[in-house]
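Taking it in order: structure first as structure tokens, then the write-up.
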Protein chains: 2
Amino acid sequence: MRARIEDVAKVAGVSPKTVSRVLNNERNVREDTRQRILEAVRSLDYRPHPSARSLAANRSFLVALLYDNPSPSYMMEVQDGVLEACDAQRYSMMLQPLDATSPHFVEQVGKLISERRLDGLILTPPISDHADLLACLREWGVPFACVAPRDRQCAGVVLDERRAACEMVMHLASLGHRRIGHIIGHPDHGASSWRLDGYRDGLEQSGLRYDHRLVMQGRFSFDSGVVATRAMLSLASPPTAIFAANDDMAAGVIWAASEAGLAVPRDLSVCGFDDTPMSRQIWPSLTTIHQPCRDMGRIAATQLLRTIRDGEGAMVYAKFALCLRGSTGRVPERPRRDAPAGH
Amino acid sequence: MRARIEDVAKVAGVSPKTVSRVLNNERNVREDTRQRILEAVRSLDYRPHPSARSLAANRSFLVALLYDNPSPSYMMEVQDGVLEACDAQRYSMMLQPLDATSPHFVEQVGKLISERRLDGLILTPPISDHADLLACLREWGVPFACVAPRDRQCAGVVLDERRAACEMVMHLASLGHRRIGHIIGHPDHGASSWRLDGYRDGLEQSGLRYDHRLVMQGRFSFDSGVVATRAMLSLASPPTAIFAANDDMAAGVIWAASEAGLAVPRDLSVCGFDDTPMSRQIWPSLTTIHQPCRDMGRIAATQLLRTIRDGEGAMVYAKFALCLRGSTGRVPERPRRDAPAGH
DNA sequence: CCGCGAATTGACAGCGCTGTCATTTCTGTC
DNA sequence: GACAGAAATGACAGCGCTGTCAATTCGCGG
């Protein structure tokens, strides 16, 4: 049978309550007592019983990570980061896939919270932008932290995606591109508008005019990238570079370009956003923007646990990085086929 | 404050123990009593307290899903399946990323089990092939279920990967290929040997000779696919088709082929294994073998829960499916460059 | 209507921990 | 050395549920 707190107390010659104090890092325990107790814990290989702790303390020490169908690699990394932070603070994480468009969405989350006695939630896009849910959580007093939310008035983590997109477009411009297309992400994701704004910033700072014909609506999916690209390539004056709002759509761009017989980057430069593993596994490898997803998961969890403990978590900025790879190149010297000169 | 079991009992006019019986689907409760209790549960919106239940029942109702750095999309799908099965039986799932090569691996798992009071484990490749761990779990009497283990004498789920690989190779042969290369997966994964065996079966059934020069060792990574392909393409008599043991390596094959100026599938047919999302996002889209990962996760969890409940889980076979896509094609009529005829 | 085994229900303790509050011990001051 | 106030420790109840086992009720043949 496993040792219980009472056994530890007996060995250390103190009361169970004092052992509990040490295990929970409470103040007001003399240093020598603490050492004696830790020694007893070690000698008995004592492990506190999570359920007993939860029951007595009236907290579950459990947080849930809510997600709705994002890219698996993104989610997996965020997950690992969250787990890392939770483990370090003796918290557990549970996962909950959800359908944010369901009419019972908020209700389901409420049920989850009360069923599992959750101490807090971590919301990932697009759930982190679900205004109804955020309002309810605030009303219920349930602590939460958001990953990349549109509204930054909460605990969590974001990237300056607008700046990142801007820099990417400026990079394209520096390669000589003057007709740079953009494929917008899913309309429900805050990221889509930041990236679009960044695209406009980048054009402006490069002295290029915004042309609405070069901007297509996508949905963050590979297929939507293909569709948008076919449309853009059939323009009278097609772009020489396309900046897709994520890597999946960028893969769609490369696909559609290959389909149309264009070589990337010779005939068309392509870049994405997210630095998914896939971006390095396609030919040519994709120029994109790296998000430190694992760090972001860790940060979000840390801010959530701070909120739970002290009632105050912050919105932390994570750093992005441009990954310049094979899918972008200098614009060709002579025009391609939309030749204005020559006739 | 939330309703407790006592409140439900009072409303239904029975003892708390009887309510507990109904909630846990125990036998020997009269039907009308059951109905009265369920009605009370509904009217009070009662939710049993998980920690209280665990503490009293001396079980955690928690299983862990152990993984070591597999492909994120694979893991994510397995995860969702496991969650589905656990939810249905009022169990919780926790995730545990691990390093199976660590010298303290088994010890770490043991610590995890006793710390979290786990009721069981689900092992994914390559952990499902870790002989030391399996031996310890059996010795400790810890229920577990395996996804795709080499040794099928345990509860879990597998695919007939050997058969799948065989069919893939036969398909290549039916397209006219006679020099079909293979890139073996990671040596520690059971899947690698099944797929290799299937490759040999496929050659044999197509009347082709096994040629060791056309078989390279890989490690399931994109990079290892690139390296193996470069080596194979530099052979005096290179293959006209390459069957990589997974999609990541197959992506590497396409990459290396593009690098070498070869067009896929015109100059080289390529196929993989796993049907990752990436396989549809590259150009050309990848011919591969689909594994129903989500189903497999669900099945593994179901068998684990059966093991926990009745002490007996089975090894279940899941169904694979060939996905014929753009990366494979008929072998060209006239030889390519290793022209034996001609000059 | 009685008696017996089976089906159904209930009383009670206790799972292992922490919150509350009382008690003891220490620290610094005059 | 006495004393106040702070720091450290302990006693005890109880978190909400289920296991054990005893008590009650039911069904049915004689």
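Values reported hereafter were calculated over all heavy atoms of this structure, with side chains retained and with hydrogens, waters and symmetry mates removed. Naming: A, B, ... by sequence-line order, numbering from 1 per chain. Because the structure is predicted, anything quoted here is derived from the model rather than measured.
- The separation between E115(B) atom CD and dG16(C) atom C1' is 16 Å, rounded to whole Å.
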Begin from the C-alpha positions of Q89(B) and R309(B) and carry the test side chain to side chain donor-acceptor pair (under 3.5 Å) through to its verdict. CA-CA 11 Å; Q89(B) 308 202 26; R309(B) 199 170 347 94; 3.2 Å; yes
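- Heavy-atom distances under 4.0 Å link DNA chain C to N28(B), V29(B), R30(B), T33(B) of residues 25-39 of chain B, given in residue order.
- OP1 or OP2 of dG10(D) has at least one side-chain nitrogen or oxygen of T18(A) nearer than 4.0 Å.
- Look at CG on L23(A): it is 16 Å from C1' on dG19(C), rounded to the nearest Å.
- Contact check on R34(B) versus D32(B) returns no salt bridge, with no Lys/Arg side-chain nitrogen under 4.0 Å from an Asp/Glu carboxylate oxygen.
- Aromatic rings from F320(A) and H290(A) are positioned such that their centres are separated by 6.0 Å or more.
- Atom NE2 in H49(A) sits roughly 17 Å away from atom P in dG16(D) (whole-Å rounding).
- Y46(B) places its OH atom 10 Å from the P atom of dG16(D), with the value rounded to the nearest Å.
- Rounded to whole angstrom, the span from the CG atom of L55(B) across to the C1' atom of dC17(C) amounts to 8 Å.
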Report the C-alpha distance between K10(B) and E6(B) in whole Å, list the side-chain angles of each, state the deciding distance to 0.1 Å, and finish with yes or no for salt bridge (charged side-chain N to carboxylate O under 4.0 Å, His left out). CA-CA 6 Å; K10(B) 217 163 282 172; E6(B) 196 192 328; 3.5 Å; yes
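- Taking only side-chain atoms of A56(B), from C-beta outward, the nucleotide of dC15(C), dC17(C), dA11(C) with the closest atom is dC15(C).
- Of the listed nucleotides (dT9(C), dT9(D), dC17(C)), dT9(C) has the atom at the smallest distance from the side chain of R21(B).
- Taking the centre and axis of the six-membered ring of Y46(A), the NZ or CZ atom of R4(A) falls outside the cone set by 45° and 6.0 Å.
- The heavy-atom pair separating D87(B) from R116(A) by the smallest distance is OD1-NH1, 4.2 Å.
- Residue S20(B) places no side-chain N or O under 4.0 Å from the OP1 or OP2 atom of dC17(D).
- Between the C1' atom of dC17(D) and the CZ atom of R59(B) lies a distance of 13 Å, rounded to the nearest Å.
- Between the NZ atom of K10(A) and the C1' atom of dG10(D) there is a distance of 15 Å, rounded to whole Å.
- Set against dG10(D), dG16(C), dA11(C), the side chain of K17(B) has dA11(C) as its closest nucleotide.
- Between R36(A) and E39(A) there is no salt bridge, since none of the side-chain N atoms of the basic residue sits less than 4.0 Å from a carboxylate O of the acidic one.
- If you measure from atom CZ of R117(B) to atom P of dC15(C), you get 13 Å, rounded to the nearest angstrom.
- Of the candidate nucleotides dC17(C), dT18(D), dG10(D), dT18(D) has the atom nearest to the side chain of N24(B).
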